[in-house]
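These numbers come from a predicted model, not from an experiment. Here is how names work: the chains are called A, B, and so on, in the same order as the sequence lines, proteins then strands, and each is numbered from 1.
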Amino acid sequence: MSDIAVSVQDGEPAAVPANSTVQEALSKLLSNKQRKRVVAAKVGDSIVDLTTILTEDTVLSPIMIDTPEGLDVLRHSTAHIMAHAVRDLFGADVKVAIGPSIENGFYYDFLRSEPFTPEDFEKIEARMAEIANQNLPFIRTEIASSDATRAFEAEGEKYKVELIRDLQTDAVSLYSVGGFQDLCRGPHLPNTSFIKAFKLLRVAGAYWRGDEKNDVLQRIYGTAFFDAKELKKYLNALEEAKKRDHRRLGKELQLFTTDDQIGPGLILWQPKGAQLRRLIEDYWKDEHYRHDYDLLYTPHIARQDLWKTSGHLDFYGENMYSGMDIDEVRYQLKPMNCPFHIGVYKSDKRSYREFPLRWCELGTVYRYERAGALHGLLRVRGFTQDDAHIFCRPDQLEDEIYNILELNLHILKNFGFADYDIYLSTRPEKYVGSDENWEAATNALKLALEKKGLGFEIDPGEGVFYGPKIDIKIKDQLGRAWQCSTIQVDFNLPERFKMTYVGADNTEHQPIMIHRALMGSLERFIGVLIEHYAGAFPLWFTPIQARIMNITDDQADYGLEVYEKLRKAGLRIEKDLRNEKLNYKIREAQLAKIPYMLIIGDKEKEDGTVTVRLRDGKNLPPMSIAEFAAKVQEEVQAGRGI
RNA sequence: GCCCACGUAGCUCAGAUGGUAGAGCGCAUCCUUGGUAAGGAUGAGGUCACCGGUUCAAUUCCGGUCGUGGGCUCCA
């Protein structure tokens, strides 16, 4: 048999007999130590099993278990082992659906009449470990689709049959491990010995193929890592995320609450949360004014006819709350602010000379969200958009987009978000507006992004029907991405509302309209802020900047004096003058995540000073009340960046 | 909206094969006056989410409603 030349990328080729497996070839190319970490290999763009037969000269990229691609293979295989275990334990009552690897883990969907319980999880994990420990090979076979269909039909595996049918290929690949055989594209681990560190995390309902008309399956989520240490690290990170959960912190720090009597998805801001929100709103307004925006206020309801004109009733009606009759005229609660801003636009005859018009509003809107979608502050039914609409001439579009991006990133950065994923969404299949307009607008968005030096991805066809858009996702402290900002060009509403301006040529033209929100909604943004900072907000927008605590009752009067002076100086101050030990007061202030603790004993009372304790436990030297006030004001200035 | 789980004091949670309930924290009062993460005592506080059914008796069992959570789905 003749030899073929196989090499790893950038390495010397080795001669191996034709029809060797990848594994065999790699054994000539890699050290023993490296070989133990290889779980699959890349040939060109596709990832293949180590058992794949090589028939021609090939360049291989080995995939190590401790790389993202390696983890992917590991998790995918672990999902199969889980299905194997479930099948072993619960028999043929269980039908298997699909089990891919996903970000941070894997899942497998099952049809089973009984719900999976936490005790089941333990059993499944134990059985998985048994299977894994047997060091079983994953064996790939290719068979004709018709044979596979017959086999799965015999087992009653209707989902597999459906999958094969929709694949529309002549042959499919199967993988078997021990006694369990599954339809799968692969690739898989060479054997189960790599499966050492895994955990089942939760079970949830999921529709077959994500369609609510289909069967509801039970989806078991789990995760797997190449060693126990990595698994532990991940589980700890989950714990950490739990501690940062804005719903938990919102309660602990008394920021916001909801009330069954009032309704789900409707937020009540407690005094501290309201303070936090006010600070954010004030900052937002100040920055907008500085950036040449004007502020609007508009109502919460409007005649239903407005929503017909805008098209919201047709396109968005199912998310709008039903109307009310006022003097026999139908009114509806607003799901968006745009028609109102158009109302302001139409209050006057507009000239190209006054463009661009930049109008912003913290506009509270109400949208029907399905009950199951509601989530803390992140998904609610009543929320306040940090909205703005810009009306301009086509030739101003690119500059306006650039200015928006600049303000957008400036504000996000000031809140501590400097990492973004940016997406440019282009024309979808169904759209309004002319092709030329779409092209010009898409181009303007692109040019503005490039001019700003921002990397972005193009989401082809993901634009909304009325225009192209830019979406910005911010990354928080834990690296999680949150969609907040959106910048959208709109060809639809100017047309529907017959908006015009008088151009230099003394004829009427249609303005370009841009919608944009930077934080998205205040509720959502504050939720993200809470998680990002784990509730320990920077001084400039923390609801409480300092808490005064006396050591004994003897300094209560002085404590009150300090409190009043600092409040008058505009600081956000609390006092804890209770008859409690200092340790106790410090503990409480620490848990409340207050930046400065002002400690007052006889010394301070005598000298007219305060001793400042920081959140990190360090102390500043005693300073006068005025000095402290000045220090805080200075830090706030710096933090606001204005 | 759908599937599953859950709903007991302000908070975090325990509890009984069906006989109207407990802890810690917090709160109130008193003692204590203590310099950098919990001093002590006493006490108040619950229609066991809501409505209905079964039962001599329901917080406990059953049904429904509402809410919360994990997902699915949705987010022109």
Choose from [options] the nucleotide whose nearest atom is closest to any side-chain atom of [X].
X: A/Asp260; options: B/G67, B/C74, B/U36; value: B/G67
X: A/Asn619; options: B/C72, B/U36, B/G34; value: B/U36
X: A/Lys251; options: B/C11, B/C72, B/A76; value: B/C11

What are the atom names and distances for every N/O pair under 3.5 Å that joins the protein to nucleotides 63-65 of chain B?
none

Please confirm whether the shortest side-chain N or O distance from [X] to OP1 or OP2 of [N] is below 4.0 Å.
X: A/Tyr368; N: B/G1; value: yes
X: A/Lys469; N: B/A76; value: no
X: A/Arg247; N: B/G69; value: yes
X: A/Arg370; N: B/C2; value: no
X: A/His375; N: B/G70; value: yes
X: A/Asn583; N: B/A37; value: yes

Is [X] positioned over the aromatic face of [Y], cation under 6.0 angstrom from the ring centre and no more than 45 degrees off axis?
X: A/Arg202; Y: A/Phe121; value: no
X: A/Arg112; Y: A/Phe90; value: yes
X: A/Lys334; Y: A/Phe340; value: yes

Q) Which of residues 517-529 of chain A sit near RNA chain B, with a heavy atom under 4.0 Å from it? A)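 Nucleic-acid contacts, sorted: none.
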Q: List in numerical order all residues of residues 381-389 of chain A for which some heavy atom is under 4.0 Å away from an atom belonging to RNA chain B.
A: none
Base, sugar-phosphate alone, or nothing: which one does [X] contact when heavy atoms must sit under 4.0 Å apart?
X: A/Thr611; answer: base
X: A/Arg613; answer: base
X: A/Gly210; answer: sugar-phosphate
X: A/Tyr431; answer: nothing
X: A/Asp211; answer: nothing
X: A/Tyr221; answer: sugar-phosphate
X: A/Lys430; answer: nothing
X: A/Met320; answer: nothing
X: A/Glu604; answer: base
X: A/Asp602; answer: base

Can you check the [X] [atom1] to [N] [atom2] distance for me, whole Å?
X: A/Glu369; N: B/G71; atom1: CD; atom2: P; value: 17 Å
X: A/Ile600; N: B/U36; atom1: CD1; atom2: C1'; value: 14 Å
X: A/Met549; N: B/G35; atom1: CE; atom2: P; value: 15 Å

Q. Given that A/Val216 and A/Arg202 both sit by RNA chain B, which one's nearest nucleotide is further toward the 5' end?
A.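 The 5'-side residue here is A/Val216.
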(Q) Reading RNA chain B from 5' onward, which residue's closest nucleotide shows up sooner: A/Phe315 or A/Gly263? (A) A/Gly263
Q. For A/Asp602, what residues pass the salt bridge (Lys or Arg N to Asp or Glu O under 4.0 Å) criterion, not counting sequence neighbours?
A.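 Here no residue qualifies.
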Q.
Set out, in order, the CA-CA distance, both residues' side-chain angles and the distance that settles side chain to side chain contact (heavy atoms under 4.5 Å, CB included) for A/Leu235 and A/Lys199, then state yes or no.
A. CA-CA 9 Å; A/Leu235 295 177; A/Lys199 184 153 181 63; 3.7 Å; yes
Parallel, tilted or perpendicular for [X] and [Y], by the 30°/60° rule?
X: A/His375; Y: A/His246; result: tilted
X: A/His312; Y: A/Trp307; result: perpendicular
X: A/His515; Y: A/His389; result: perpendicular

How about [X] and [Y]: are their ring centroids closer than 6.0 Å?
X: A/Phe456; Y: A/Tyr423; value: no
X: A/Phe525; Y: A/Trp482; value: no
X: A/Phe491; Y: A/Tyr431; value: no
X: A/Phe417; Y: A/His532; value: yes

Q) When rounded to the nearest 0.5 angstrom, what is the spacing between CG in A/Leu424 and CD1 in A/Ile487? A) 10.5 Å
**Q.** Inter-residue atom distance A/Asp387.CG - A/Met519.CE, 0.5 Å rounding
**A.**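 A/Asp387 CG to A/Met519 CE: 11.0 Å, rounded to 0.5 Å.
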(Q) Dot-bracket for RNA chain B, please. Rules: Watson-Crick or G-U, both distances under 3.5 Å, ( ) within the strand, [ ] when a pair crosses earlier ones, | for another strand, . otherwise. (A) (((((((..((((.....[..)))).(((((.......))))).....(((((..]....))))))))))))....
Q) Is A/Glu531 salt-bridged to A/Arg248, going by a charged N under 4.0 Å from an acidic O? A) no
(Q) Salt bridge check, A/Asp459 against A/Lys469: does any charged N sit closer than 4.0 Å to a carboxylate O? (A)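 So A/Lys469 does not pair with A/Asp459 through a salt bridge.
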Q) Side chain of A/Arg379, base of B/C75: donor and acceptor closer than 3.5 Å? A)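 Such a pair is found, so the answer is yes.
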Q.
Looking at A/Tyr207 and B/G71, is any side-chain donor or acceptor paired with a base atom of the opposite kind under 3.5 Å?
A. no
Q: For the residue pair A/Val432 and A/Phe465, establish whether any side-chain heavy-atom pair is separated by less than 4.5 Å.
A: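 With C-beta onward as the side chain, the pair touches.
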Q. Take atom NZ in A/Lys605; do more than 12 heavy atoms of anything else shown fall under 6.0 Å from it?
A.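 More than 12 heavy atoms, drawn from other residues, nucleotides or ligands, come within 6.0 Å of this atom.
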**Q.** Interatomic distance at C1', B/G67 relative to B/C27, whole Å
**A.** 26 Å
(Q) Run the salt bridge (charged side-chain N to carboxylate O under 4.0 Å, His left out) test on A/Glu462 and A/Arg427 for me, step by step, so that the C-alpha distance in whole Å, both residues' side-chain angles and the decisive distance to 0.1 Å come before the verdict. (A) CA-CA 7 Å; A/Glu462 284 300 303; A/Arg427 199 181 64 203; over 6 Å; no
Nucleotides 25-27 of chain B: which of its N/O atoms have a protein N/O under 3.5 Å away?
| unit_1 | atom_1 | unit_2 | atom_2 | d |
| --- | --- | --- | --- | --- |
| B/G26 | OP1 | A/Tyr584 | OH | 2.4 |
| B/C27 | OP1 | A/Arg578 | NH1 | 3.4 |

